[in-house]
Amino acid sequence: MIGTDETREIVDWQKTTVDGATVYEIEYSEPVPEPTGRSRSLFRASSGGTVPAGEQSVLLPDGERIPATEAVFDAEGTTLRVRHEPSLVARVRRYLPW
């Protein structure tokens with residue numbers, strides 16, 4: 001789950017659509033820093049080594065998993081907004097026959 005740890009818990013969350021992009025607003029019990037890099041707790045990397053960038057994903061509160069390369073984060077106080085913005089390659093693949 002995004003950003004939970006021993007002291008920080010998810011209090012509430014909601015899923016909305018803004019300008020065609022899925023946005024999760026997650027409210028925590030204490031202020032959250034904006035994710036800036038590959039955090040083990042954020043991306044659930046195993047203890048067996050580094051997870052290749054193409055295989056990293058973000059697990060959202062409703063169980064949806066999105067590629068880490070397609071997640072955009074914005075933190076403000078105790079609220080973390082996670083926006084799913086598919087990459088150009090992912091958008092093109094939807095329209096190509098192969």
- request: Could you tell me whether Glu76 atom CD has more than 12 heavy atoms of other residues or ligands within 6.0 Å of it?
  value: no
- request: Decide whether Val23 and Ile26 are clustered together by the hydrophobic rule: side chain heavy atoms of Ile, Leu, Val, Met, Phe, Trp, Tyr closer than 4.5 Å, transitively.
  value: no
task: Verify the cluster assignment for Ile10 and Ile66: are they in a single hydrophobic cluster under the rule of side-chain heavy atoms below 4.5 Å apart?
output: yes
Measuring from atom [atom1] of [X] to atom [atom2] of [Y], what distance do you get when rounded to the nearest 0.5 angstrom?
{"X": "Phe73", "Y": "Arg83", "atom1": "CZ", "atom2": "CZ", "result": "10.5 Å"}
{"X": "Thr22", "Y": "Glu70", "atom1": "OG1", "atom2": "CD", "result": "11.0 Å"}
{"X": "Glu25", "Y": "Thr79", "atom1": "CD", "atom2": "OG1", "result": "6.5 Å"}
{"X": "Gln14", "Y": "Asp62", "atom1": "CD", "atom2": "CG", "result": "12.5 Å"}

What's the shortest heavy-atom distance between [X] and [Y], and which atoms?
{"X": "Val32", "Y": "Arg8", "answer": "CG1-CD, 3.1 Å"}
{"X": "Arg65", "Y": "Leu59", "answer": "NH2-CD1, 3.9 Å"}
{"X": "Ala21", "Y": "His84", "answer": "CB-O, 3.8 Å"}

task: Check for a donor-acceptor pair, side chain of Ser29 on one end and backbone N or O of Glu9 on the other, with a separation under 3.5 Å.
output: yes
